[in-house]
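Notes to accompany the following structure.
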Amino acid sequence: MRTSQYIIATLKETPSDAEVISHQLMLRAGMIRRLASGLYTWLPTGLKVVRKVEAIVREEMDKAGAIEMLMPVVQPADLWIESGRWQEYGPELLRIKDRQNRDFALGPTHEEVITEFVRKEINSYKQLPLNLYQIQTKFRDEVRPRFGVMRSREFTMKDAYSFHLDQASLQETYDVMYQAYCNIFTRLGLDFRPVIADTGSIGGDASHEFHVLADSGEDDIAFSTESDYAANIEKAEAFAPQEKADTPTQELTLTDTPNAKTIAELVEQFNTPIEKTVKTLIVKASAECVADNGAEYVALIVRGDHELNEIKAEKLAFVAEPLEMATDEAIKEVMKASPGSLGPINCPIPVIVDRAAAVASDFSAGANQDGKHYFGINWERDLPLSQVADIRNVVEGDVSPCGKGTLTIKRGIEVGHIFQLGNKYSTAMNAGVLTESGKHQVLEMGCYGIGITRIVAAAIEQNHDKYGIKWPLALAPFTVAIVPMNMHKSHRIPDIAQKIYDELKAAGIEVLFDDRKERPGVMFNDMELMGIPHQIVIGERNLDTDQVEHKDRNSGEKTLLAIDKVVSFVVNKIKNI
RNA sequence: CGGUGUUUAGCGCAGCUUGGUAGCGCACUUCGUUUGGGUCGAAGGGGUCGAAGGUUCGAAUCCUUCAACACCGACCA
């Protein structure tokens, strides 16, 4: 490809709304442009990278025995009503009507469609197990699209769905997919970790996420220092403290705390350790709770230095799912006190206490009277300890749930997610086959997703420097850039450039020939910004000795090469990686 | 959904306080110059100042409403 016949839409300046490095570099390197919030146009260079990711994913999926197909983006509401997700999925599901006023949705995922397909087409146990996948556009009306294509509303995803007669078969395919995913991310040249995960709105049982480690990641991953345990913090269990609460040493006292509205202020003004405080969070109660004791809200208690884990909390029987924090007005009405003075003592609604907070002694908390806190609180002596649960996020240094080592926490970008769905959809939509004994049996399902376009961004997060993107060879939009110095000034330069260009192309290598009439610095900067792994610099300087220069984008290493050795040199470099 | 902020040329921004003919840098076009790391110079093109309404002799600037976009937050108890 010649730059003069291509779109090199590089930018010198960073657009002001791009926050993370991958978003900035994708804009600057001319890979993407924003059309509207969370919607991006892929320019030729960007699309080439997407296609590379797709190709690797496709190869590994095929190798793992999955079969490619393609389903529609637009899906009839009926299927979603049947699975129950027309109600469950919420506003992230973009709903549209056709000219007949029939309801449709833009597919955020395809469990319903694939299940509908399989229940019609697959009738016999002999056709199982089956693993079907597609690489296709998804639409999710995200609450807050951000970070460019990292969290966009429209994106490309590889989604696979497997169907089985029994759990053992599902487990087998799940393991194969787990391995295929490891192979994919390894081939993509990414530093990644599989982690134990929550199943989220898709539903189901076992689940692993694949995370690319990067500080800009939106998820916290907890790792054991001593084992290969790794879990999304949403899911990581906070181990129950082994010790019991210490014997009370303080009297319960009610103190005026007019200026202490937050834990931080309480700790500072009253010189109390933060571990000896608790915070009280008021959330909407579940229907079960309302039926049980009439309370519309419940109070969740975690230690002052801990954070509530919403995923854990919303799974509690008394807590409404999804989790909903009470408004200030509701808190005043129910608690007769304002946020900042809430606590478990004299609390008119059910109280659920985190395991760590449940072994605190002589601690302080709001008194449910504005501007007052209790100090020296002890469970059982001063108030009953009714419900205890794991409702906090793990923190660095916690004992690992696997029993070995302690936890450290890193940021990750979720690029893949595999689930064992069990029979959630197959039951709801009545997908089954006849078994060997002629009985109808509901199918077991697995599903396996990879965010194709997100991988492009994640790869940049992990591979860049101050000059731009440093593509892993497998993802580079072009393998080689030919950069001729002052081509218009002599015949020698363009002749040699053309010759090398033709030879590289003949060798099946993707070459970008920068034939623009630009100064050398402009070309160098553009090629480096775009992250092309190999540059061939052709200049008068070395031509008298029939040499050109090779520059490695990754190492910065420069090598003088005889003109007729260029192709073999590059070919050799490529195969060695 | 809440909070904060932004919106002026393709991009990055100034101008707004104190109303008076819309600017700068980059990019773009042309010419010259330069040529191994984003040359230098000259001349040009490009704007309903987010939209609508209002105040005023006069609005990018003041007022009202709306919209788009961004950031923060769903931890505040």
Side-chain angles (χ1 to χ4, degrees), chain A residues 8-20 23-24 27-28 30 33-39 90-91 142-148 257 260-266 277-283 297 299-310 313-314 322-332 334-335 337-344 347 354 364-373 391-393 467-468 483-490 493 516-529 535-543 548-549 551 556 558 560:
Chain A
I8 302 292
T10 54
L11 304 174
K12 265 193 200 176
E13 286 175 291
T14 304
S16 58
D17 56 355
E19 219 193 332
V20 294
H23 188 195
Q24 294 173 359
L27 289 166
R28 287 194 52 212
R33 290 291 184 261
R34 196 185 67 91
L35 178 65
S37 179
L39 301 176
E142 291 281 351
V143 189
R144 191 177 156 202
R146 65 190 129 169
F147 304 153
T257 56
K261 295 234 181 286
T262 66
I263 294 289
E265 288 165 355
L266 193 69
T277 64
V278 301
K279 43 189 176 188
T280 307
L281 290 77
I282 311 299
V283 300
Y297 292 90
L300 304 177
I301 309 282
V302 297
R303 229 165 63 182
D305 57 330
H306 286 155
E307 287 185 352
L308 179 71
N309 180 312
E310 299 190 6
E314 70 185 16
L323 189 81
E324 195 181 334
M325 291 284 173
T327 61
D328 285 6
E329 294 74 41
I331 289 174
K332 275 176 200 154
V334 173
M335 303 296 288
S338 302
S341 301
L342 304 180
C347 181
D354 181 66
S364 56
N368 296 327
Q369 300 175 41
D370 281 354
K372 290 181 194 290
H373 278 72
I391 55 171
R392 72 174 172 98
N393 280 336
Y467 302 109
V483 187
M485 306 285 92
N486 305 305
M487 204 161 60
H488 59 286
K489 288 196 103 179
S490 78
I493 308 274
R516 293 176 297 175
K517 192 186 169 191
E518 286 287 356
R519 289 177 57 84
V522 174
M523 295 181 173
F524 288 140
N525 281 312
D526 276 351
M527 295 306 121
E528 269 153 36
L529 178 58
Q535 283 178 28
I536 303 296
V537 182
I538 303 169
E540 288 287 345
R541 194 195 271 178
N542 301 311
L543 234 44
V548 295
E549 182 183 288
K551 184 174 175 189
K558 295 176 179 175
L560 280 177

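Bear in mind the structure is a predicted one, so any value in this text is a computation, not a measurement. Numbered from 1 within each chain, the chains take letters A, B, ... in sequence-line order.
The one candidate from A:T277, A:I263, A:T257 that meets the side chain to side chain contact (heavy atoms under 4.5 Å, CB included) condition with A:S364 is A:T277. Each of A:T280, A:V334, A:V278, A:L281 was compared with A:L342 under the side chain to side chain contact (heavy atoms under 4.5 Å, CB included) criterion, and only A:T280 meets it.
Nearest to the side chain of A:V143, among B:rG37, B:rC1, B:rA77, sits B:rC1. In the set B:rG38, B:rG37, B:rC72, B:rC72 carries the atom at the smallest distance from any side-chain atom of A:R144. Of the candidates B:rA70, B:rG37, B:rU35, B:rG37 carries the atom nearest the A:E528 side chain, counting heavy atoms from C-beta on. The side chain of A:S37 approaches B:rA70 more closely than any other nucleotide in the set B:rG38, B:rG37, B:rA70. Comparing B:rG36, B:rG38, B:rA74 by their closest approach to the side chain of A:E549 singles out B:rG36. Distances from the side chain of A:L281 to the nucleotides B:rG38, B:rA77, B:rC69 place B:rA77 closest. Listed nucleotides: B:rG36, B:rC11, B:rG38. Nearest to the side chain of A:D526: B:rG38. Nearest to the side chain of A:M485, among B:rA74, B:rU35, B:rG36, sits B:rG36. Checked against B:rC72, B:rG37, B:rC11, the side chain of A:E13 finds its nearest nucleotide in B:rC11.
In this structure, B:rG23 and B:rC13 make a Watson-Crick or G-U wobble pair, each of the two defining distances being under 3.5 angstrom. Using N1 to N3 plus N6-O4 or O6-N4 for Watson-Crick, or N1-O2 and O6-N3 for G-U wobble, each under 3.5 Å, B:rC76 pairs with nothing. Across all strands shown, B:rC69 forms a Watson-Crick or G-U wobble pair with B:rG5, both key distances being under 3.5 Å.
Using C1' as the reference atom, B:rU6 and B:rA51 are 16 Å apart when rounded to the nearest Å. Taking the P atom of each, B:rG23 and B:rG73 are spaced 41 Å apart, rounded to whole Å. Here, B:rU4 and B:rA9 have their P atoms 27 Å apart, quoted to the whole Å. Taking atom C1' on both B:rC11 and B:rG20, the two are 31 Å apart, rounded to the nearest angstrom. Here, B:rG15 and B:rU7 have their C1' atoms 15 Å apart, quoted to the whole Å. Comparing the same atom, C1', in B:rC13 and in B:rC76 gives a spacing of 37 Å after rounding to whole Å. Spacing of P atoms, B:rA59 relative to B:rG53, comes out at 13 Å, to the nearest Å. Taking atom C1' on both nucleotides, B:rA68 is separated from B:rG50 by 7 Å, rounded to a whole Å.
A:S37 and A:P145 make their closest contact through OG-CG, 3.5 Å (heavy atoms, listed as atom of the first residue, atom of the second, distance).
Checking the phosphate oxygens (OP1, OP2) of B:rG12, a side-chain nitrogen or oxygen of A:S16 falls inside 4.0 Å. Look at A:K12 and you'll find a side-chain N or O under 4.0 angstrom from OP1 or OP2 of B:rA27. Between A:T14 and the phosphate of B:rG12, there is no side-chain N or O to OP1/OP2 separation shorter than 4.0 Å. Put simply, A:R519 has a side-chain N or O that comes within less than 4.0 Å of OP1 or OP2 on B:rU39.
If you check every strand for non-hydrogen atoms under 4.0 Å, A:V537 touches a base. Among the protein residues, A:R33 comes within range of no part of the nucleic acid, since none of its heavy atoms lies under 4.0 Å from any strand. Residue A:H488 is classed as a base contact, given a heavy-atom separation below 4.0 Å to a base. Within the 4.0 angstrom heavy-atom criterion, base atoms lie near A:T280. Residue A:E518 is classed as having no contact, given no heavy-atom separation below 4.0 Å to the nucleic acid. As judged by a 4.0 angstrom heavy-atom cut-off over every strand, A:L11 is placed among residues making no nucleic acid contact. Residue contacts for A:I263: at a heavy-atom cut-off of 4.0 Å it reaches the sugar-phosphate backbone alone, with no base atom in range. If you check every strand for non-hydrogen atoms under 4.0 Å, A:G366 touches nothing. Within the nucleic acid shown, A:N393 has no heavy atom closer than 4.0 Å to any nucleic acid atom.
Look at CG on A:L300: it is 13 Å from C1' on B:rC76, rounded to the nearest Å. Between A:K517 atom NZ and B:rU34 atom P there is a gap of 11 Å when expressed in whole angstrom units. Atoms CD1 (A:I8) and C1' (B:rA27) sit 16 Å apart, rounded to a whole Å. In this entry the distance linking CD of A:Q535 with P of B:rG36 reads 16 Å, nearest Å. The CE-P distance, from A:M335 to B:rC76, rounds to 18 Å in whole Å. Across the protein-nucleic acid pair, A:F147 atom CZ and B:rA70 atom C1' stand 12 Å apart, rounded to whole Å. What separates OH of A:Y467 from C1' of B:rG38 is a distance of 12 Å, to the nearest Å. Atom pair A:M487:CE and B:rG36:P shows a separation of 16 Å (rounding to whole Å applied).
For A:K551 against B:rG36, a side-chain-to-base donor-acceptor contact under 3.5 Å is absent.
With hydrogens and angles disregarded, a donor-acceptor distance shorter than 3.5 Å links the side chain of A:K279 to the backbone of A:H306. Of the possible donor and acceptor atoms, one in the side chain of A:D354 sits under 3.5 Å from a partner among the backbone N and O of A:I391.
Rounding to the nearest 0.5 Å places CG of A:D526 at 3.5 Å from OG1 of A:T10.
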- Message: Under the criterion side chain to side chain contact (heavy atoms under 4.5 Å, CB included), I'd like the reasoning laid out for A:E307 against A:V302: C-alpha separation, chi angles, the key distance, then a yes or no.
- Response: CA-CA 7 Å; A:E307 287 185 352; A:V302 297; over 6 Å; no
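With the nearest nucleotide of RNA chain B identified for both A:P15 and A:N542, A:P15 has the one nearer the 5' end. Nucleotides of RNA chain B nearest to A:K279 and A:P145 differ in position, and the one nearer the 5' end is that of A:P145.
Counting heavy atoms from C-beta outward, A:L27 and A:T14 have side chains that stay 4.5 Å or more apart. A heavy-atom distance below 4.5 Å is found between the side chains of A:L560 and A:E549.
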